[in-house]
Amino acid sequence: MDNGAMNSSAEIIDAGFACLVEKLGIINAERFITIINREGFDYTEWRRTLFDNMTVEKFEEAAVEYDRSHPYTGKGKRI
């Protein structure tokens with residue numbers, strides 16, 4: 001998938017599930033999705049709460065450090 005192209009919902013779901021399976025295995029990927037659906041999890045609200053008290057500069061610093069210390073080595077497609 002091209003980073004600049006619009007992806008269909010099916011392509012995004014397929015890529016996301018592939019990432020989950022790669023990191024969690026098929027059983028735990030299925031469990032993760034079940035938990036998210038059952039709990040009515042709101043990812044946006046969760047992230048907002050996590051970063052509410054962080055300045056943009058601190059966020060950028062943390063993101064750069066994370067990227068540096070966790071280089072992407074997976075088999076999942078970047079979209």
Side-chain angles (χ1 to χ4, degrees):
M1 284 179 231
D2 183 314
N3 284 339
M6 284 289 268
N7 298 301
S8 71
S9 295
E11 289 172 318
I12 293 169
I13 290 168
D14 187 49
F17 195 70
C19 291
L20 288 172
V21 169
E22 181 182 327
K23 291 294 185 182
L24 301 175
I26 188 73
I27 301 298
N28 283 330
E30 291 282 356
R31 289 182 65 210
F32 173 80
I33 290 170
T34 300
I35 292 165
I36 294 298
N37 285 334
R38 181 179 57 225
E39 300 294 326
F41 182 73
D42 184 340
Y43 178 82
T44 303
E45 183 61 32
W46 176 69
R47 296 312 283 187
R48 183 174 296 127
T49 302
L50 182 64
F51 297 120
D52 264 353
N53 296 319
M54 187 180 285
T55 66
V56 172
E57 293 78 17
K58 286 288 185 187
F59 178 83
E60 181 180 19
E61 183 181 302
V64 168
E65 177 55 35
Y66 182 87
D67 186 52
R68 187 174 321 140
S69 63
H70 296 84
Y72 179 74
T73 58
K75 297 176 188 168
K77 295 178 184 175
R78 288 200 180 260
I79 58 171

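By the 6.0 Å contact criterion, CD on E22 is enclosed, its count of non-hydrogen atoms from other residues, nucleotides or ligands being greater than 12. The neighbour count for I26 CD1, taken as heavy atoms of other residues, nucleotides or ligands under 6.0 Å away, is above 12. Remark: F41 CZ is packed, more than 12 non-hydrogen atoms of other residues, nucleotides or ligands lying under 6.0 Å away.
The hydrophobic cluster containing I27 also contains F17, counting ILVMFWY residues as joined when their side-chain heavy atoms lie under 4.5 angstrom apart, directly or transitively. Hydrophobic cluster membership differs between L20 and I13, with clusters built from Ile, Leu, Val, Met, Phe, Trp and Tyr side chains linked at under 4.5 angstrom.
Shown here are the side chain to side chain contact (heavy atoms under 4.5 Å, CB included) partners of S69, two or more places apart in sequence or in another chain: E65. With sequence neighbours left out, F32 forms a ring-ring contact (aromatic ring centres under 6.0 Å, His included) with no residue at all. In this structure F59 satisfies the ring-ring contact (aromatic ring centres under 6.0 Å, His included) test together with F51, sequence neighbours excluded.
Residue V56 is found outside any hydrophobic cluster, as its side-chain heavy atoms come under 4.5 Å of no other Ile, Leu, Val, Met, Phe, Trp or Tyr.
Within the structure, side chain to side chain donor-acceptor pair (under 3.5 Å) pairs that include any residue of residues 23-44 comprise N28-R31 (at least two apart or interchain). The salt bridge (Lys or Arg N to Asp or Glu O under 4.0 Å) pairs that include a residue from residues 47-59 are E45-R48, where partners are two or more places apart or lie in different chains.
Looking at every heavy atom in both residues, A29 comes nearest to L24 through N-CB, 3.9 Å.
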